[in-house]
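Remember, it's a predicted structure, so these values are computed and weren't measured experimentally.
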Amino acid sequence: MELNNIVETEKCFEEDSKQIDSPESLEAVRLKYLGKKGKVADIMAKFREVPVELKKEFGQKINTLKSKIENCIETIKESLAEKATEREIKNTKMFDYSLPVDTKTGSLNPRTIIQKQVCDIFKNMGFVVEDGCEVETEYNNFEAVNVPKNHPARDMQDTFWLSNGQLLKTQTSAAQNRIIRTYGPECKVIFPGRVFRNEQLDAKHENTFFQLEGVVVGKNVTVANLIYFEKAMLKALFKKDIEVRLRPGFFPFTEPSYEMDARCPFCSGRGCHTCGGSGWLELCPCGMIHPNVLKMAGVDPEQYNGFAFGLGFDRLVMIRTNLDDIRYLNSNNLKVMSQFKTKM
């Protein structure tokens, strides 16, 4: 009697499965046959009533029925999914990728524009442009630029440390050792990049910002060469001669070290909002490369010397655009960003 029940259930399922045309009807059929109160569960509940001599045959047939229903439902499920995808593709409006782009809907970040302009200027002066790594070793970021462990200069930079002992570079100077080793004792290289410091965010400070590092190594390199390249860059960038001055500074990787200021190009030194009334704009830290840094890069400081400088792209952008909040540069505020594409 129960064996006939299995055959009858199988026939009923075959008929019901032909009517499935949606995920909802599929689920209804699944519950009807495989649910806790479904037909298969009802048949299995009567297993104890089956005569001993038929239990083996009954058990095999009910397992076969259950597997057949499960496989059939899975096949129908996949088929419905394929048909749904086909309908979605058929109803999707095709896009012609060969159509011209509407360039009015977006713009480059002003930082990107400034970076390209500055890199092009230095390339025209014979510099090579290199990339730096955002994740650096402690050695490259500190020791290789003359900042040993426990050096007080490490306290000047709140560093983001990684669990593997590496760090997010705090300065583009972290690439100096690799660059000088790569290009040898006579080179002119700039390397722009993103740097990270655990800063308190405000209108003038960000924890993610962009710098450009430059190094020139050779024989008989002087501070006069440093001043020449910086003035040439500023003249090309601001389209006029810019006066610069050097103030004493301290950086472990340069000796002597300087802070280079530029006479404000907007007020010609008379004092304005951009320069805070001083007539001067802080431009970049710089100086002659420390002999220890040259030694660690495999260069003999008795035969060669050089200078290094760092430019802040964010600083230049704020100067060029009169942008009063650095946080806009990392925002997705297209209304603010797009207005600068015609001012750069």
Side-chain angles (χ1 to χ4, degrees), residues 1-109 112 131 133-135 160-168 194 196 201 207-208 327-338:
M1 183 68 177
E2 298 303 337
L3 293 176
N4 292 336
N5 225 353
I6 293 175
V7 173
E8 186 64 28
T9 299
E10 183 176 359
K11 290 180 178 179
C12 289
F13 173 76
E14 290 175 353
E15 290 300 320
D16 286 342
S17 64
K18 295 176 182 178
Q19 308 303 316
I20 297 174
D21 58 1
S22 68
E24 292 77 17
S25 58
L26 174 65
E27 180 63 9
V29 171
R30 187 190 72 80
L31 291 175
K32 179 178 179 180
Y33 289 91
L34 298 177
K36 290 182 179 181
K37 297 181 180 181
K39 290 183 175 295
V40 174
D42 286 343
I43 295 174
M44 294 181 70
K46 297 176 181 178
F47 182 75
R48 67 182 65 184
E49 302 173 6
V50 178
V52 175
E53 64 273 13
L54 296 177
K55 281 187 181 292
K56 181 177 180 180
E57 182 181 1
F58 179 85
Q60 291 175 342
K61 287 186 177 295
I62 189 61
N63 286 334
T64 299
L65 173 64
K66 183 180 178 183
S67 297
K68 179 178 180 179
I69 293 174
E70 288 174 341
N71 293 336
C72 185
I73 285 178
E74 188 61 31
T75 300
I76 295 173
K77 182 179 178 181
E78 292 176 359
S79 177
L80 290 174
E82 289 177 2
K83 290 178 180 178
T85 301
E86 290 173 359
R87 286 195 300 271
E88 184 177 350
I89 293 174
K90 185 177 180 180
N91 296 329
T92 299
K93 183 179 179 181
M94 301 304 292
F95 179 77
D96 187 352
Y97 289 93
S98 66
L99 291 174
V101 176
D102 180 5
T103 56
K104 296 180 181 179
T105 59
S107 65
L108 291 174
N109 189 291
T112 303
D131 289 327
C133 303
E134 293 187 354
V135 175
F160 288 106
W161 293 93
L162 305 180
S163 59
N164 62 0
Q166 295 183 316
L167 51 88
L168 298 180
R194 191 197 320 251
F196 309 85
L201 302 186
N207 56 27
T208 302
R327 290 170 291 190
Y328 280 126
L329 296 178
N330 284 347
S331 75
N332 59 356
N333 192 324
L334 296 181
K335 183 177 180 180
V336 174
M337 292 293 97
S338 61

Side-chain donor-acceptor contacts of residues 161-168 below 3.5 Å, not counting sequence neighbours, with atom names and distances?
from	atom 1	to	atom 2	distance (Å)
Asn164	OD1	Gln166	N	3.0
Asn164	ND2	Gln166	OE1	3.2

Expected list for residues 79-89: side-chain donor-acceptor pairs under 3.5 angstrom, two or more places apart:
from	atom 1	to	atom 2	distance (Å)
Thr85	OG1	Ala81	O	3.0

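Partners of Glu14 under the salt bridge (Lys or Arg N to Asp or Glu O under 4.0 Å) rule, at least two apart in sequence or in another chain, are Lys68.
Between Glu8 and Cys12, the closest side-chain pair of non-hydrogen atoms falls below 4.5 Å. With a 4.5 Å cut-off on side-chain heavy atoms, Ile43 and Val40 do not count as touching.
Atom CG of Leu31 and atom CG of Leu26 lie 9.5 Å apart (nearest 0.5 Å). Within the model, atoms CD1 of Ile6 and NZ of Lys39 stand 13.5 Å from one another, a figure rounded to the nearest 0.5 Å. The structure places CD1 of Ile69 at 5.5 Å from CG of Leu34, a figure rounded to the nearest 0.5 Å. Here CD of Glu10 is found 10.0 Å from CD1 of Ile62. Values are rounded to the nearest 0.5 Å. From Arg30, atom CZ reaches atom NZ of Lys77 across 9.0 Å, with rounding to the nearest 0.5 Å.
Sorted by first and then second residue, the ring-ring contact (aromatic ring centres under 6.0 Å, His included) pairs involving residues 63-89 (not counting sequence neighbours) form an empty list. Annotation: ring-ring contact (aromatic ring centres under 6.0 Å, His included) contacts involving residues 66-87, sequence neighbours excluded, are absent. Listed by first and then second residue, the ring-ring contact (aromatic ring centres under 6.0 Å, His included) pairs involving residues 5-44 are Phe13-Tyr33 (not counting sequence neighbours).
The two residues Ala41 and Gly35 have their closest heavy-atom pair at CB-O, 3.8 Å.
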